[in-house]
2 protein chains.
Amino acid sequence: MNRYKCTIAYDGARFEGYQIQKEKRTVQLEIQKALSRIHKGAEIKVYASGRTDAGVHAEGQVLHFDSVLTIAEQAWQKALNANLPNDIWVKRVEKVDGSFHARFEVVKKEYRYKLDLAENFDVFRRDHVYHYPYPLNIEAIQEACPFFIGEHDFTSFCSAKTEVEDKTRHIYSLEAVLEGNELEFRIVGNGFLYNMVRIIVGTILEIGQGKKLPTDIPSILAATNRKEAGKTAPAHGLYLWEVHYNDN
Amino acid sequence: MNRYKCTIAYDGARFEGYQIQKEKRTVQLEIQKALSRIHKGAEIKVYASGRTDAGVHAEGQVLHFDSVLTIAEQAWQKALNANLPNDIWVKRVEKVDGSFHARFEVVKKEYRYKLDLAENFDVFRRDHVYHYPYPLNIEAIQEACPFFIGEHDFTSFCSAKTEVEDKTRHIYSLEAVLEGNELEFRIVGNGFLYNMVRIIVGTILEIGQGKKLPTDIPSILAATNRKEAGKTAPAHGLYLWEVHYNDN
């Protein structure tokens, strides 16, 4: 048996999220269908670094699967891409040790969130950036970012439905990068709770609008209450950008 | 009666072209539906600078329509965008003289054709650039471009079905711009025949592959025979970029 690690990109617009759900078009389903075709109908299960929600994109989602087939890495990439719809693309396939696990071995993850601040709506990126043609205080946004860095209980910044017990996560970096009319948040952490990046972005946008202050972040974190944070930013600006493992 | 000139962008991916065709989703139909809603059900006809095919995009298509309503230009833009699907965007509305005609008054047009030469397929631009991960001789491509400039009979570079009698067109400029992995053709002319830009691009790509030489262009033009030119490049890389009128 061979274990393969795959790095994939997908456009989340026409998927109901990553994870298989009955009768819905999901990324996992399409990948398992492609693998099944390559294995003459045999069912092959894939394990990803984590799920992404409907509308959320990936530039570097990572998954693994086991196969009896011994195929060169580049040939695997070709075979998979030939069997996948064109909103999923396998960027890389690597043969890895049988101890590798795409989910349990994650060391850190990077998410990015893209906003288009231009007045005119860009029809070509309508599913891929959050159009936000409103005044924003970029300095206040830059000031807010460092407050999230470090180890914190992120209860205020996750969906109230989250059932994970330990809501402590370590954020290694959070930057707001402005290039022309595009504002991009880049956040790296050891793990993320449900909706966490989108709620952080939504809260920072309220700071940019002057509804909250950068210095409010510590008390919002301390409150451990979802109601203290801002709105959840829409899914279509969010990208799972990169997943890091020890061997990286 | 007021005449309004509209500059619009659209993503051609989910349209069966610009022009109204029975029971098909077209750009013209969506615009006329929006105008009809704004005019309480009255039918308003729009006139565009020209058609675009299924899959072809516009960054600056121009059209005009007449209306009994007197609405400020910015309010027109808002009202139209509020009534249009999100793959069409009205960038500008201007009140113009009743003698203005979006089609008959065109002085020149610019089209652009975008290619992505990267090895990896970009899922986010799958409908908006032609993925071309093959070796290309960029120098040969640059050499080929000037041969198209000037007044020529473009019979070899239009669909054999074209019924227009006079196939002479004047190309003012044609550039191939390489930026990173993106190759963009920019072509300006006084008019374009059916499929003309896509056949020019397809022919230049064959030159880039070494199947034809830059110096073959004059004899291909002289042949006035579609079979002498290269393949028609796919629709989804093409953009109607800008339409110029005398008052510009």
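Sequence lines set the chain letters: A, B, ... in the order given, protein chains first and strands last, and positions in each chain run from 1. Being a predicted model, the structure only gives us computed values, none of them experimental.
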*Go through the steps to decide whether B:V123 and A:H128 satisfy the test side chain to side chain contact (heavy atoms under 4.5 Å, CB included), and finish with yes or no.*
CA-CA 11 Å; B:V123 290; A:H128 305 139; over 6 Å; no
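Annotation for A:R51: atom CZ does not count as buried by contact number, only 12 or fewer foreign heavy atoms lying within 6.0 Å. Environment of CZ in B:R37: crowded, with over 12 heavy atoms of neighbouring residues, nucleotides or ligands closer than 6.0 Å. Within a 6.0 Å radius of CZ in A:R103, no more than 12 heavy atoms belonging to other residues, nucleotides or ligands are found.
The residue from B:D127, B:V129, B:D11 that alone fulfils the side-chain contact (heavy atoms from CB on, under 4.5 Å) condition with A:F124 is B:D11.
In this structure, CZ on B:F121 lies 9.0 Å from CG on A:D87, to the nearest 0.5 angstrom.
Taking the six-membered ring where the residue is Trp, A:H131 and B:W89 present perpendicular rings, their angle passing 60° and hence far from 30°.
For B:Y10, the part lying near chain A is the backbone, with the side chain staying farther off; criterion is any non-hydrogen pair under 4.5 Å.
A:K91 and B:N120 make their closest contact through CA-OD1, 3.7 Å (heavy atoms, listed as atom of the first residue, atom of the second, distance).
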